[in-house]
Amino acid sequence: MKKRQTSKIVASVFLLVMAVVWIVPLLYGIFTSFKSQSELLREGARLLPIDWVLANYQELLMDNTSTPLVRWFFNSLFIATMNTLLVLFVVSLSAFAYSRLQFKGRDKIFTFLLATMMFPGVVNLIPLYKIVDMLGWVNTPWAMIVPGAAGAMNIFLVKQFMDNIPKDYDEAAQIDGASELIIFRKIILPLIKPILTVITLFTFTGSWNDFLWPSIIFNDIEKMPITSGLQLLQGMYQSKPTLLMAGALIAIIPTFIIYLFAQKYFLESMSLSGGVKG
Amino acid sequence: MSLSQKKKKGNQAQSKVFPWLFIAPHLVIFSIFFLIPVVFGIYISFTDWDLVSSPNFVGLANYQEIFTNQDSIFYTQLRTGLTNTFKFVIFVVPFCIMVPLLIAVALNTKPKLGKFFQSLFYMPSLFAISAVVIIWTLMFNVTYGPVNKLLGTSIPLTSTMPYAWVTLVVVTIWWTIGGNMIIYQAALNGIPQDYYEAADIDGASSLQKFFKITLPSIKGQILYTLVVTTIAQFNVYGQPLMLTGGGPSDGTRVLLMYIQQNAFGSGQSIAGIASAMAIVLGICIMIVSAIQFKFLRTKN
C-alpha cells in the first residue's frame, strides 16, 4: 500500500511539471493578446500584462479592411459546419449499409475502402487541385467541404460501433413492419449518437484546422478560412505579436467549444476503438 | 398472389436497390475526389504537366531528373527535402510515443485534478498549426520571448542549428500528444487490476510492473499509434513553413514544402516533377508503414 502511495506522488509531481510546460505557452499567449505593443517590447517575458488593453481585439474585429478576420472566421464556420454535416450524412448511411444490409459485393467494396486508407494522401494533392479547378471550385468553400467526405476512416469507425448493436433490434422492428429507412432513423441513429459526436469533433476540428489544402485552393483573401488568414497575418504583422496572438486566440475558440460538448462521449468511444485496434 | 406475398416481393425488389442508395453518396464523392485523383496523380508524374496545358507523356524523365541528374535543382530539392523529412520523423516520433505514454501511466494512478490534466494535454490538438506557431514564435522570440530569458541566451533558436530542429520538435510534441495519450489511457484502463495485485504479492517493483505487465498489455496500441504517428509526421509542413521558414539555409526545409512550391508556387508550375516527388514521398510512407505493420504482426 505504501509503495502505491509513493508511485502516486511521483506521478503527480511528473504531471504537475508537464502541466506547467503545457499551460505556460497558452497563458503567455492569452495574456500577450491583452498587452499593448509597447509594453510587450518593454517588459519582455513578463507573464501578466501591467495594463490590460483590448486594442488588439478591437483592431482585428473592427478594422475589416486590412484584416478581414471576422470574414475569415465565418468562412471557416461555414466550411467546417457544412463539411461536418456532409460527413455525418454520408458516413451514417454508408456504415448502416455495410453493417446491416445485405447486397452483392458488400464485403468486397468495404474491404477495398479499408485498403485505400493505407494510401498516402500526398499523392492526391496535385490532381485533386485540377479536379476542383475543373469543377470551378477554386476559391470557393466547396473545395474544402466536399472532398473532405471522401475518406473511409469514419465509415470504418461507425460500422465498428454499429456491429456491436444487437441484430435483434432490427428483426423486432421488421416484424412490426418497419422499413429499412425507419430502422435506420428510429433505431440505429439514436444508438450511434456517441460515435457520431466523436466524428463531429474530429471532422469539425480537422476541417477548421486544415492548413496545406486551403493554402493551395484559396488565393482570394476575402474567401479564405481563418487558418490561412492567420498565416497571411503572420507574414504581414511580424512586428505586431500582440495582434497576432489575439487573432490566434479567436481562431481556437470554436474547436474548443466543440470539444467541451463532445468531451462526454469522447473517452468512451476512444476506449472502444482503442480496444478494437489493439 | 396473396397480398402478403406481393408485399414480400416488393420488399425484395426494394432491398436490391436500397443498399446502393445508402452507399452511393459516399461512393460518388470517394470516386471523384479519391480514386480518380490517385490514378491521375500517378499518371502525371510521367508527364511534363504545368497544371494548365494538357500533359505530355515523358516516361521516366521526371524520375531520372530528380534521382540521377546531379546538376538539376530538383535533384538537390529531393535530397534535401527527403533527408529533412526523415530527420523530422526520426526526431519527433519517439517523443510522440513516449511522452503521451508516460502521461497516460501517470494519469492512470488517478491523481487529483486528473480530468483537468487530461484536458490540458489534449487541448493543443484542437488548435490549427498556424495558431500554434504564432504562440510558439512568441515563446521563442529572441528579445522578449520567455524561453530565451529562461535559458539566459541570446541565440535566435528558430534560425540557428541545431536548435531549429529542437524548436520544431518541441512545438510538434506540444501540439500532438493528445490523441495518443487518450488511446493509451483507454488501453491502460483495460488492464485487469489482478495482474498488478499478483505482482504486488510477488514483491515486484514499480519499474518491473511497468515493463512486465503494463507495456506488454498495451503493445498493440503502442504499435498502432507508432504507425499512425509516423504516417502523420511524414506529412510535416506547417511547422517548418511558419516557425523556421525552412531555415537556416534550407536545413529544415521538408519535401512537402518543395512539392507545394513546385506545383503551386509563383512562376510556372512544374506539376509533373512535383507529382514525381509526391509519389516518392508516398512510396516512402508506404514502405515505412509496411515495415511497421510487419513488425506489428510478428510481435503479436
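Lettering follows sequence order; numbering is per chain, from 1.
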Check your understanding: Between B:S119 and A:Q263, does any side-chain donor sit less than 3.5 Å from a side-chain acceptor?
Key ->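 Yes.
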
Check your understanding: When heavy-atom pairs shorter than 4.5 Å are enumerated against chain B, which of A:L40, A:L233, A:T205, A:L244 gives the highest number?
Key ->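 It is A:L40.
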
Go through the atoms of [X] and report whether side chain, backbone, both or neither lie under 4.5 Å from a heavy atom of chain B.
| X | answer |
| --- | --- |
| A:F14 | side chain |
| A:Q231 | both |
| A:L201 | side chain |
| A:I126 | both |
| A:I155 | side chain |
| A:L15 | both |

If you round to the nearest 0.5 Å, how far is [atom2] of [Y] from [atom1] of [X]?
| X | Y | atom1 | atom2 | answer |
| --- | --- | --- | --- | --- |
| A:Q234 | B:S130 | CD | OG | 8.5 Å |
| A:L230 | B:M242 | CG | CE | 7.0 Å |
| B:L107 | A:M18 | CG | CE | 10.5 Å |
| A:L212 | B:N235 | CG | CG | 8.5 Å |
| A:I258 | B:L126 | CD1 | CG | 10.0 Å |

Point to revise | Check: B:F33 ring centroid to A:W142 ring centroid under 6.0 Å | key: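 Distance test on ring centres: not under 6.0 Å, no.
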
Practice item. Please lay out, stage by stage, how B:V38 and A:N124 fare under the test side-chain contact (heavy atoms from CB on, under 4.5 Å). Key: CA-CA 5 Å; B:V38 167; A:N124 273 6; 3.1 Å; yes

Exercise for review: Just say parallel, tilted or perpendicular for the rings of A:F211 and B:Y237, cut-offs at 30° and 60°.
Suggested key: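 Aromatic pair A:F211/B:Y237 classed tilted.
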
Pair up each side-chain donor or acceptor in residues 90-101 of chain A with any protein partner under 3.5 Å, not counting sequence neighbours, and list the distances.
unit_1	atom_1	unit_2	atom_2	d
A:S92	OG	A:L88	O	2.7
A:S92	OG	A:F89	O	3.3
A:S94	OG	A:V90	O	3.0
A:S99	OG	A:D163	OD1	2.7
A:R100	NE	A:D170	OD2	2.8
A:R100	NH1	A:M162	O	2.9
A:R100	NH1	A:I165	O	3.2
A:R100	NH2	A:I165	O	3.0
A:R100	NH2	A:P166	O	3.3
A:R100	NH2	A:D170	OD1	3.1

Point to revise | Interface moiety of B:I32 toward chain A, non-hydrogen atoms closer than 4.5 Å | key: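 B:I32 touches chain A through backbone and side-chain heavy atoms alike.
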
